[in-house]
Each structure stands twice: as structure tokens, then as C-alpha cells.
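Treat the numbers as computed from the prediction; the structure is a model and nothing was measured. Labels below follow one simple rule: chain letters A, B, ... track the order of the sequence lines, proteins then strands, and each chain is numbered from 1.
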Amino acid sequence: MGMAELLRLERVSKRFGGIVAVDRVSLVVEEGESLGIIGPNGSGKTTLFNLINGVYTPDEGEIFFKGQDITRTPPYKRARMGIARSFQIPRPWGSLTAQENVAIGALFGARGGQLDVDEALERARDALRLVGLGGKEDAPAHSLTVVEKKLLEMARALAMEPSLLLLDEVMAGMSPRDVDRVVETIKRVKREKGIAVVALVEHLMRAVTAFAERVVVMHQGRLILEGPPEKVMKDPLLVEVYLGEPVEV
Amino acid sequence: MVFTNAVRRALRKARLTLAAYIILGVLYLAFPHYSQLIATLMFYMILAQAFNIFMGMTGYIDFGYVAFVAMGAYGMALAVESLYELGWASIIVGFLLAVALSVALASMVGAIALRLRGAYFAIATIGVNEGVRYLIEGANLVGGSEGVIIVRELRATFGRETANFIMTGLADLALLLIGITAVMITALILSTRVGYALQAIREDEDAARALGINVTRYKVMAFTISAGIGGLLGAANWALKGGYVEPAHVFNIHYTVEAIVMVMLGGPGTLLGPIIGGLFYGSMNYFLGVIKPGLQLLFLAPILLAVVVALPKGLMGYVRERVKDPRLRELLT
């Protein structure tokens, strides 16, 4: 589509002791793009997310968002700049209601400070409906099922009105019907709001092919493959990565 | 516009809590014989409310909290001691100095301790209370271990009659006003983005960060507001009412423990919780003190244990989880 660049990682590395969790990763995400990052457990996907949203600062390399250097920007500022995320293990605020959880996203996200509490609660209602949680507004978040919590996190992230949505294994453990709904929602927010979506996926290749325009494969902290999903899925290297064969890169 | 909406929401939430203070005020006038019991209850309610603004909303337990109340007591005592010739102005300056000192200490402690989490924060704050106390006693600052006595200054300026009124009726009126202020501040916090930010921090601080909440800013905000109200309480209830400030008394960790019990009992982070906790603990303390002085402490531990096991979110937390009607929920904030 020839969109403008939204996020750029330049040779970003992160080490934990002797382990290089992310190894000189360079990656560009364009505005409104849907990107799937796949890779087996321990390949560094979640660390990469934590670098993008600011939980970790990289040991090497630089990160740019909307043209600004955000390598050392704290997470809350990145959130306000338009980076929203969900967590692999859902982390809703348990004793608040579903609606309040999402309202906080609206209150402190990209439009943070402009909304009144009542307006934020109103927006939360819409976002909950969008992800299929209409009717759960008053339920305490801790009482939701795991799938509902994942959808809640998605609604919370969407309420922030981000320009980049990072979804960490949001579809793992979901029934095919829920997966379809999430894929539909991702496509819809992309189409209607122009939000770029980057989703981490370990196993659900069907979901990746359904929503991603582009796929990158991570292995041992590195990006080893990139391309349109149908092409990447057929690559013998991908099979080797998942079967644990030694890989020459 | 946004602000007036928030005030309206706050007033709706605060109806029962404000009613509690107004009823106590009426009872105080109607039954002078029990005025000191009522003043004691108000002291505990305010202590619990002030403590709740930080501990209840963020989940951080500050074991050194009483140091802020002590700072307030010193602020009032020092203002009256050095400015008593100014008459009423010295008392007004006393309240201002009380807030200034407690907020100043809170800013210093907060800037360092609020970088720590959980148990580390709790341990660091114990040191603050003991540290300030031994600094005053050891370096013989502001009266050293003897403290500051202002009864003579009050009598010299206002005469015996008025001085006695200041140390009873006026100090108690000040308590009532501080209590109402604490209610309104808490209700306002709960009705605005500040309250949501603090609750998000309490439930999951990392998630709060990822969602755009400037965690440090809101923690410092709650910490200093909580300390400032504690300072007012110390100024009114200890310096003004007692007529003296003594380090062994005002830095007693006992008060912090009482605050924890009351907040846990009533329901952390709620508006009514600290009121219920304060009323229950205050009256228990008073009557046990009448029957068998010194026995109160023996009751603290089992009560806290029972509450943590049976009602982990306190009485109001328990009630609120069972109330579904939004209007009733608002009333029972």
C-alpha cells in the first residue's frame, strides 16, 4: 500500500546474563500494516515486544516510533504516543469491572487527558462490544474466563486509540470460533481505524495466514525469515525451526 | 465542566460518609458528656482515611506513616511556640506549617522509597519513622526528647478560658473539618482519572505502566496527599488538643499499626471503609480502655488475622462485590 513508516528497530539486542534473548533485530512496521511474528517458545518474541513497548531498554540498537527516537522512553510515554499491548498471560485489573478496565485504557491512552470519566466509560462500552464482550460491562475482571480476559485486554488496548497494537499470543488457547472473532476484529480495526497490528503467534499458523499481510520468523533471538504468509509457511527453514533441527543462518 | 462533573460525582459517592461526620457533630453538641469519646472516634476515622488515600488505593504499606502525623504536630507546636504573640494567626500558621512539614517529609521519603516495591517499601519506611525520631532526640532538635509544650503560650495569649476552649471545642471542630476535607478529597480521587490510575497501580503496576499511566507521579501524589491530611490531624489532635508534642508519643509506630488494622477491616480503597474501621476500632479501643487499660493491643492481632482470612478486601470490599445495583454501589462507595 506504500504507507509511511510507523516503527523502526535498528539492530536491537537484549541480553539476560549470558543469554542473548534478542540478537541484532532490525524491523520496520508500516502504518496500518498487519504483521505476524512467529517462532517457537523461547525464540525471543516476547522480549522483542517488551523492547518495543519499553518494559526493557535494549543493550544495543535504536528504536524509532513515528520518526522519534524512543529507545529510552518509559513505557507510559510510549503508550501515550500510540503503542498499546496485550500480555501473553492476561493482566487485567482484577477487582475493577470489565468496563472500568477498558475505561482506564481510554483515560490514559493516546487521547489521555482529553476525556472525562463518563466519556471514557461510554467508549469502554463500545470497545467491549467490538471484541464481543457486550453484556459483561459490570463483571469484575477476575471473574472472566481466560479467553474473555484476553478479549478484555484487546478492548483495553483498543480503547487507548493506538496507532500500533501489539498482541502477545492473544489467540492461543481459544476455540476456532473465538479465533475467527479475534481475526475479524483485527481486520476491522485495521480497516476502520488504520491501526497497525503486530501479533506474536507460536502455533496458530491458520490464524496468522488469516490476518497477516506479512510474517517474520524469529529463532534464537534473530529474524530468520520474512515474507508474505503463504510463502513463509512453505519455507523448509520454518519446518526445521519448529522441529528443533540445527539451523545455518 | 469536567471538574464540576467530578465534584457532582464525588458528592453523590460521599453522601453516607459525610452523614457520618455530621451525625457525630450533632451528637457531640447534644451529649457533651460523651464529647471526648466522639472526638476520639473522629481521630481514628481521620487517621484511617488519611492512611487509606495511600495504602488503601495503591496497596503499598507505609509502616512509617505516623511520622507525617508527628510532623504536623510539630508544625503546630513550633508555630504557636514562636508566634504566639500574633494570637489566632499563630494557629492558622500552625496548620499551614503542619501541612508543609508533613508534605516536605513525604516528598523526600517518596522520592526514594517509592522506587521500591512491596516488602522493600514497607521496610524502608519503618526506618524513616525511627530515623526522624532519633534525629530529634539524639541531636536535641526542637526540644529533643522532652518535646514542645505550648500550654503556657496558649494561656498567655488567649487567657485561661479561651485557651481551654481552643484545646477542647476548637480542636474538635478542627477535627470535624479535617474529616470532611478528607472525605471530599477521597471522593474526588475516586471520581476522577486519579482514582482509576491508583487502582490500576494497586492491581498490577506493570500493566498500569503499559497502559499509559505515569505510575511514579500518581504514587507520589497519593503519598503526599495522605501525608498532608495526616499532618493536619497531628496539628489538631496532638499539638492543639494536648497542648504539647512529645517524640515518644507522636512517633509511636502503634498508630501506624492501628491505621493498617482500621483500613484493612473497613475495606482498603473505599470511601466508607475507613469510616467503619475507625468507628469500630475507635469504640473498641475506648471501651476496652475503660474496662481494662492496656488490653486493646491484645485484640489488634486476632482482629487483623480474622479480617485477612475472612474478608481479604475488608467489610466494604465484601459488600461491594455482592451489590449489583449501580446506584446502591455508588452510595456504598
Q: Select one option (side chain, backbone, both, neither) describing which atoms of A:Asn101 are under 4.5 Å from chain B's heavy atoms.
A: neither
Q.
Do A:Tyr76 and B:Val215 have side chains that approach each other closer than 4.5 Å (heavy atoms only, starting at C-beta)?
A. no
Q) For B:Tyr318, does the OH atom have more than 12 heavy-atom neighbours from other residues, nucleotides or ligands under 6.0 Å away? A) no
Q. Quick check: does any side chain N or O of A:Arg91 sit under 3.5 Å from a backbone N or O of B:Ala207, one acting as donor and the other as acceptor?
A. no
Q) What do you reckon, is CZ of B:Arg115 surrounded by more than 12 foreign heavy atoms closer than 6.0 Å? A) no
Q: Determine the minimum heavy-atom distance between A:Gly94 and B:Glu203, stating which atoms define it.
A: N-OE1, 3.1 Å
Q: Tell me, yes or no, whether the heavy-atom count around A:Ile19 atom CD1, taken from other residues, nucleotides or ligands under 6.0 Å, exceeds 12.
A: no
Q: Taking the side chain as every heavy atom from C-beta outward, state whether B:Lys313 and A:Ser95 have any pair of such atoms under 4.5 Å apart.
A: yes
Q | Between A:Met160, A:Arg85, A:Met81, the one whose heavy-atom pairs under 4.5 Å with chain B are most numerous | A | A:Met160
Q | Per-residue contact mode, B:Arg202 against chain A (heavy atom under 4.5 angstrom) | A | side chain
Q. Minimum heavy-atom separation for B:Tyr196 to A:Leu107, with atom names?
A. CD1-CD1, 3.8 Å
Q | Residues, nucleotides or ligands: over 12 heavy atoms within 6.0 Å of B:Arg117 CZ | A | yes
Q | Any donor-acceptor N/O pair, A:Trp93 side chain to B:Asp204 backbone, under 3.5 Å | A | yes
**Q.** Steps toward salt bridge (Lys or Arg N to Asp or Glu O under 4.0 Å) verdict (A:Asp138, B:Arg329)
**A.** CA-CA 11 Å; A:Asp138 295 326; B:Arg329 270 181 76 88; over 6 Å; no
Q: State, to 0.1 Å, how close B:Ser191 and A:Val117 come at their nearest heavy-atom pair, and which atoms those are.
A: O-CG2, 3.6 Å
Q: Count the heavy-atom pairs under 4.5 Å between each of B:Ala210, B:Ala200, B:Ala197 and chain A, then report the option with the highest count.
A: B:Ala200
**Q.** Approximate separation, where rounding is to 0.5 Å, of B:Gln199 CD and A:Ile104 CD1
**A.** 7.0 Å
Q. Would A:Asp118 and B:Arg9 count as a side-chain contact (heavy atoms from CB on, under 4.5 Å) if you check the C-alpha gap in whole Å, the side-chain angles of each, and the deciding distance to 0.1 Å?
A. CA-CA 10 Å; A:Asp118 289 333; B:Arg9 270 196 305 271; 2.9 Å; yes
Q. Below 4.5 Å, heavy atoms only, C-beta onward: do B:Ile213 and A:Arg80 meet side chain to side chain?
A. no
Q: Check B:Leu211 against A:Ala79 and note the closest heavy-atom contact, atom names and distance.
A: C-CB, 3.8 Å
Q | chain B contact via A:Arg156 - side chain, backbone, both or neither, heavy atoms under 4.5 Å | A | both
**Q.** More than 12 heavy atoms of other groups within 6.0 Å of A:Lys136 NZ
**A.** no
